[in-house]
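First up is the structure itself, then whatever we jot down about it.
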Number of protein chains: 2
Amino acid sequence: MSEQNKIPQATARRLPLYYRFLNNLHAQEKFRVSSKELSEAVKVDSATIRRDFSYFGALGKKGYGYNVEYLLGFFRKTLDQDDVTNIVLIGVGNLGTAFLQYNFTKNNNTKIEMAFDADKSKVGQEIGGVPVYHIDELEDKISDITVAILTVPVSEAQNITDRLVQTGASGILNFTPARITVPEGVRVHHIDLAVELQSLVYFIKHYPLDEVDGSQ
Amino acid sequence: MSEQNKIPQATARRLPLYYRFLNNLHAQEKFRVSSKELSEAVKVDSATIRRDFSYFGALGKKGYGYNVEYLLGFFRKTLDQDDVTNIVLIGVGNLGTAFLQYNFTKNNNTKIEMAFDADKSKVGQEIGGVPVYHIDELEDKISDITVAILTVPVSEAQNITDRLVQTGASGILNFTPARITVPEGVRVHHIDLAVELQSLVYFIKHYPLDEVDGSQ
DNA sequence: CTACACTTGTCTATATTTTAACAAAAAACA
DNA sequence: TGTTTTTTGTTAAAATATAGACAAGTGTAG
């Protein structure tokens with residue numbers, strides 16, 4: 001939806017970060033904030049922050065900065081914070097459980113509705129308020145689901161993905177090392193813990209004493 | 001160390017991915033592989049793969065592709081697979097436990113040596129073969145540690161970070177939502193699960209039916 | 001041995017992202 | 001009020017990353 005033409009992907013990836021930090025400020029009853037302060041807090045260059053914000057118009061005031069409440073309200077709309085996205089989680093191992101416990105309820109527009117696992121001993125429980133069903137029930141239970149979190153063993157990744165896509169999922173957050181294949185129109189973000197660790201080690205060994213932060 | 005001048009960071013982040021896939025091929029007793037095949041498997045454009053490899057010299061052969069064993073050996077050296085990096089993990093919650101169970105032993109140069117937690121009921125256990133110590137013992141136990149995985153509650157993040165830096169850590173893989181502050185020379189990679197989920201949702205809502213994969 | 005198909009390595013073009021710089025406006029202060 | 005300081009929004013430049021194209025080898029098949 002929306003009319004926002006051409007917000008760079010790099011910017012879009014930073015929006016949730018800004019949003020969360022603005023929430024913190026608001027909770028601390030701060031009224032104003034400058035791009036410089038924000039920069040120190042979220043470790044993003046202040047010019048980049050101003051540039052990011054400017055895609056949405058002139059949100060601040062020269063010599064003053066940004067009004068926290070106004071900015072927060074603006075981001076709430078932009079990030080559709082009032083429009084909850086239902087999410088399923090597949091694979092209730094340690095990683096999956098971590099997600100369920102976390103369960104983003106605080107200030108988010110995302111809610112994990114159900115979880116699935118192949119292990120019958122896990123079925124029937126509630127973890128972090130989320131019911132766990134057997135994976136065989138996947139197709140029966142999910143209908144209005146657009147996003148899935150995939151925390152299954154790598155051997156199951158493609159198979160489960162196919163089933164998710166079949167039922168209409170349009171986004172998958174993939175924590176398995178498998179680079180899954182999906183039809184066009186389905187978006188996959190890979191978070192590959194082993195790769196993250198390895199590349200951090202590589203950077204430390206080969207790019208000594210230098211710039212910090214190459215995340216995301 | 002090393003003489004590798006100027007490998008782009010984007011390339012460096014992909015190296016572990018290539019390495020792992022080459023290992024798979026080797027295990028399947030494949031002898032050769034083309035950039036096109038690799039491309040399909042790891043979802044990276046084949047020209048990008050060839051370009052990435054070319055930073056290390058001419059590793060392939062025209063009309064043939066790459067010899068799996070040779071390439072694997074080359075990457076093993078490049079990624080220092082024979083030089084194990086010792087890692088500590090701080091915070092043995094669900095996420096931390098997931099890491100410990102995972103424990104990268106398969107084909108990696110990274111080994112989690114010890115874990116720490118503030119909860120005494122966790123101290124003394126071994127999880128995934130890794131002993132868990134009390135956080136008070138941190139400074140006593142770690143000495144040759146360069147990399148730490150941070151899976152503690154957000155409120156503890158900066159405090160623990162300072163202690164890690166104090167003992168000489170030069171890299172931190174930070175899973176807390178806090179954007180921690182470190183002195184120059186210390187490298188931090190943030191993996192922010194809530195942000196990943198939010199930004200996936202944002203992309204799905206605002207960039208419909210389009211390109212796939214915006215990960216890392 | 002020749003012809004054809006394949007695939008690299010690289011060159012060049014394009015796209016994306018970050019950063020520096022600064023005029024213009026607002027605030028703070030004297 | 002007038003002067004100084006702050007800070008935005010934007011322009012322009014630089015840095016980084018991706019992708020198309022193709023010459024030049026190499027393998028393969030007849």
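Protein chains get the first letters and strands the later ones, always in sequence-line order, with residue 1 at the start of each. Note that the structure is a prediction, hence the values are computed from the model and not measured.
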Checklist entry - Does OP1 or OP2 of D:dA21 have a side-chain N or O of B:Arg51 closer than 4.0 Å? => result no
Checklist entry - To the nearest Å, how far apart are A:Lys43 NZ and C:dT18 C1'? => result 18 Å
Next on the checklist: Of the listed nucleotides (D:dA17, D:dT8, D:dG20), which one gets closest to any side-chain atom of B:Asp45?
Outcome noted: D:dG20
Checklist entry - Taking atom C1' of C:dA27 as reference, at what distance in whole Å does atom OH of A:Tyr66 sit? => result 16 Å
Checklist entry - CG of A:Asp52 versus P of D:dT8: gap in Å, rounded? => result 13 Å
Next on the checklist: What contact category does A:Thr48 fall into here, base, sugar-phosphate, or nothing, at under 4.0 angstrom with non-hydrogen atoms?
Outcome noted: base
Next on the checklist: By the 4.0 Å heavy-atom rule, please label A:Phe53 as base, sugar-phosphate, or nothing.
Outcome noted: nothing
Item to check | Spacing of A:Lys62 atom NZ relative to C:dA25 atom C1', expressed in whole Å | outcome: 5 Å
Checklist entry - Is the CD atom of B:Glu29 crowded by more than 12 outside heavy atoms at less than 6.0 Å? => result no
Next on the checklist: I want to check one thing: is the phosphate of C:dA24, taken as OP1 and OP2, less than 4.0 Å away from some side-chain N or O of A:Tyr64?
Outcome noted: no
Item to check | Side chain of A:Ser34 (C-beta onward), nearest among D:dG9, D:dA21, D:dT7 | outcome: D:dT7
Next on the checklist: Measuring from the side chain of A:Gln9 (C-beta onward, heavy atoms only), which nucleotide among C:dT8, C:dT17, D:dG20 has the closest atom?
Outcome noted: C:dT17
Item to check | A:Tyr18 and its ring pair (Phe, Tyr, Trp, His ring centres under 6.0 Å) partner, picked from A:Phe74, A:Phe56, A:Tyr66, A:Phe53 | outcome: A:Phe53
Checklist entry - Nearest of C:dT8, D:dT28, C:dT17 to any side-chain atom of A:Arg13? => result C:dT17
Checklist entry - For A:Lys61 and C:dA27, is the shortest distance between a side-chain N/O and OP1 or OP2 below 4.0 Å? => result yes
Checklist entry - Would a distance-only check, ignoring hydrogens and angles, find a side-chain to backbone donor-acceptor pair under 3.5 Å from B:Thr176 to B:Ala157? => result no
Item to check | Atom pair distance, as rounded to whole Å: CZ in B:Arg14 and C1' in D:dT16 | outcome: 11 Å
Item to check | Among D:dC22, D:dA24, C:dT19, the nucleotide that comes nearest once only the side chain of B:Arg50 is considered | outcome: D:dC22
Next on the checklist: Can you see if the side chain of A:Tyr55 gets near the phosphate of D:dT10 - specifically, an N or O under 4.0 Å from OP1 or OP2?
Outcome noted: no
Next on the checklist: Starting the side chain at C-beta, find the nucleotide from D:dT7, D:dG27, C:dG9 nearest to B:Arg32.
Outcome noted: D:dG27
Item to check | Charged N-O contact under 4.0 Å between B:Arg20 and A:Asp192 | outcome: yes
Item to check | DNA chain C: 5'-proximal contact among A:Thr11 and B:Leu59 (nearest heavy atom) | outcome: B:Leu59
Checklist entry - Counting any heavy atom closer than 4.0 Å, what does A:Ser35 reach on the DNA or RNA strands: base, sugar-phosphate only, or nothing? => result sugar-phosphate
Checklist entry - If you find the nucleotide of DNA chain C closest to A:Gly63 and the one closest to A:Val44, which residue's nucleotide is nearer the 5' end? => result A:Val44
Item to check | Length of the line joining B:Phe74:CZ and C:dT8:C1', which is rounded to integer Å | outcome: 16 Å
Item to check | Gap between atoms NZ and P, on A:Lys36 and C:dA20 respectively (whole Å) | outcome: 14 Å
Checklist entry - Taking atom CD of B:Glu139 as the centre, does the number of heavy atoms from other residues, nucleotides or ligands within less than 6.0 Å exceed 12? => result yes
Checklist entry - How long is the span from the OH atom in B:Tyr102 to the CG atom in A:Leu193, to the nearest 0.5 Å? => result 6.0 Å
